[in-house]
2 protein chains.
Amino acid sequence: MPKLDESLLSDLPPFSLLERSQIREILDHAVSRRYEEGTAIFREGHDADRFYLLLDGYLRVVRTTPGGDQIIVLHISPGQLFGIAPALQRDTYPATSIAAAESIALSWPVSLWSDFTANYPGFATESYKTLGQRLGQIQETLTEMATQAVEKRVACALLRMVNQSGRKTAEGIEIAFPITRQNISEMTGTTLHTVSRLLSGWQKDGIVQSTRKHIVVTDPHQLVLLSGMQG
Amino acid sequence: MPKLDESLLSDLPPFSLLERSQIREILDHAVSRRYEEGTAIFREGHDADRFYLLLDGYLRVVRTTPGGDQIIVLHISPGQLFGIAPALQRDTYPATSIAAAESIALSWPVSLWSDFTANYPGFATESYKTLGQRLGQIQETLTEMATQAVEKRVACALLRMVNQSGRKTAEGIEIAFPITRQNISEMTGTTLHTVSRLLSGWQKDGIVQSTRKHIVVTDPHQLVLLSGMQG
DNA sequence: TCCGGAGTTTGTTTCAGAGCAAAGTTCGGC
DNA sequence: GCCGAACTTTGCTCTGAAACAAACTCCGGA
């Protein structure tokens, strides 16, 4: 494997407080790997033997029910830690993570977790901050799921993805990774049919523009109104 | 305030590894307080200035939507830490906690959090373990909410409460704190009417026995079947 | 270039469960 | 012992969205 460059990490929150030499050391223990779209990085219930940092691409964190339905708990974007089960004293991953687009991630054996948190002060802090944000996000989704009708849930899901990964284009803001109606239905607890109908409707109203596996939000403000959110 | 006894903490996971003198020291910084049923310990969005340990009673952790609906995210039972926003670098509580029954809790100012984790090794580990379990639990609820019909969700909710706080009685296993149909509907994203109907039906089938604010599960096995769970 | 599979659209039917309405019941306080 | 508030039960109606069904479109590969 080629030697990794320090600049990969130096701008990311978990590492931003560290010395160049420390980053060098961390990188020397890291394994870098590329994942095709659709590939699993690790699977629910498996031994949590490594923790990860997404360098490039996007991931879906997914849970499967005994009945075989799948739901998407959250998405991971570049720069975020994931699979940090060891931080929570878990010996098994609580969910599966799948590359939503071609992705590159670094990983380390869990045995290094305690070293990292002990030796690199900013690291622990930032990890737990991430965890806190994620917990809040999931609670948010939960309340939404429990109280809102399908249309609002789908609107919220789109907005969340736009906020997390939107990039500006001529027509509006585009979700940066491939996503199907089926995927959206798995984020919102509905069916791909219902999502398709909603999206068609919104297209007609000039709120979104979508092609196969690809969505551009042309009128974010309208979507916010539909989502019924406060902020 | 009377001096608190060391035995209050010595058997609880977050403190079980500590010396008597260390526990003494921790207790000397603690404030103990009693909360009437229905009282808030802290509220969503408020300054996270203290963290807590529930000594006795039960709490509901609750979120309110902009639209005014409430949903119960989880319950806290005696011996558990809660309001541990500082562990996640949050400066504000992400949810409200309310005494489901008369309760007693210890609390400390957040400024002590870093002391605790630094000086008492078992403490940090156990806190994060709790957090991990809670995260898993919420993910579980989320998937359930997204994929299961109302009947299963309510069955699951009952089972979860039974597992967390059930005590054996002559007729079956009793949920240890007062709970209304409304409460259950707020755990499962349905209406109190639907919960009432389900409970009536199950009563007829000899699966539960319920009176006002009080539920006994007489046939847990049947309930497991209804819940469609794997374990 | 054609084929097949994956993703999408649209129509129709059906029903679980929300919403609305109204009694009944229990309990704590006066 | 009475009152009112909080909790529960039950009936009825109506609708959002699931389920079922089928066609259509795009894309990559042989």
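Chain identifiers are assigned alphabetically (A, B, ...) following the order of the sequence lines, protein sequences preceding nucleic acid strands; residue numbering begins at 1 within each chain. Values reported hereafter were calculated over all heavy atoms of this structure, with side chains retained and with hydrogens, waters and symmetry mates removed.
- Contacts with DNA chain D (heavy atom under 4.0 Å) in residues 143-160 of chain B: none are found.
- Taking B:Thr65 as the reference, B:Asp69 meet the side chain to side chain donor-acceptor pair (under 3.5 Å) condition, with sequence neighbours excluded.
- For the residue pair A:Thr191 and A:Thr194, a side-chain donor N or O sits within less than 3.5 Å of a side-chain acceptor on the partner.
- Inspection of the B:Gln182 and B:Glu186 side chains reveals an N or O donor paired with an N or O acceptor under 3.5 Å.
- A parallel orientation is assigned to the rings of B:Phe42 and B:Phe82, their planes being inclined by less than 30° (bins at 30° and 60°).
- Within a 6.0 Å radius of CZ in B:Arg160, other residues, nucleotides and ligands contribute more than 12 heavy atoms.
- A donor-acceptor contact closer than 3.5 angstrom links the side chains of A:Ser210 and A:Arg181.
- Residues A:Ser103 and A:Leu54 have side chains in contact (heavy-atom distance under 4.5 Å, counting atoms from C-beta outward).
- Summary for the helix from C:dT1-D:dA30 to C:dC30-D:dG1: the axes at its two ends, each from 5 pairs, differ by 40° when rounded to the nearest 10 degrees.
- Residues B:Ile98 and B:Ile41 form no side-chain contact, since every pair of their non-hydrogen atoms from C-beta on lies 4.5 Å or further apart.
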### Query
How does protein reach along nucleotides 24-30 of chain C, written 5' to 3' as B (base within reach of a heavy atom under 4.0 Å), S (only sugar-phosphate), or - (no contact)?
-BBS---
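- Rounded to whole angstrom, the span from the CZ atom of B:Arg197 across to the P atom of C:dC20 amounts to 14 Å.
- Looking at A:Arg63 and A:Gln70, their side chains never bring a donor and an acceptor atom within 3.5 Å of each other.
- For residues 177-195 of chain A, proximity to DNA chain C is found at A:Thr180, A:Arg181, A:Leu192, A:His193, defined as any non-hydrogen atom under 4.0 angstrom from a strand atom.
- Residues forming a side chain to side chain donor-acceptor pair (under 3.5 Å) with B:Arg153 (at least two apart in sequence, or on another chain): none.
- A side-chain contact (heavy atoms from CB on, under 4.5 Å) with A:Leu223 is found for one member of A:Val154, A:Leu158, A:Val162 and no other, namely A:Leu158.
- Evaluation of the salt bridge (charged side-chain N to carboxylate O under 4.0 Å, His left out) rule for A:Arg90 yields no partner, not counting sequence neighbours.
- A salt bridge links A:Lys213 to A:Glu37: at least one charged side-chain nitrogen sits closer than 4.0 Å to a carboxylate oxygen.
- Here the closest non-hydrogen pair linking B:Gly79 and B:Leu53 is O-CD1, 3.4 Å.
- Judged as a side chain to side chain donor-acceptor pair (under 3.5 Å), and not counting sequence neighbours, the contacts of B:Ser77 are B:Gln164.
- In this view, B:Phe177 and B:Tyr58, B:His75 satisfy the ring pair (Phe, Tyr, Trp, His ring centres under 6.0 Å) rule, not counting sequence neighbours.
- Taking B:Asp49 as the reference, nothing meets the side chain to side chain donor-acceptor pair (under 3.5 Å) condition, with sequence neighbours excluded.
- Taken residue by residue, residues 198-206 of chain A places no heavy atom nearer than 4.0 Å to DNA chain D.
- Close approach of DNA chain D to chain B, defined as any atom under 4.0 Å from a non-hydrogen atom of the protein, starts and stops at D:dA6 to D:dC12.
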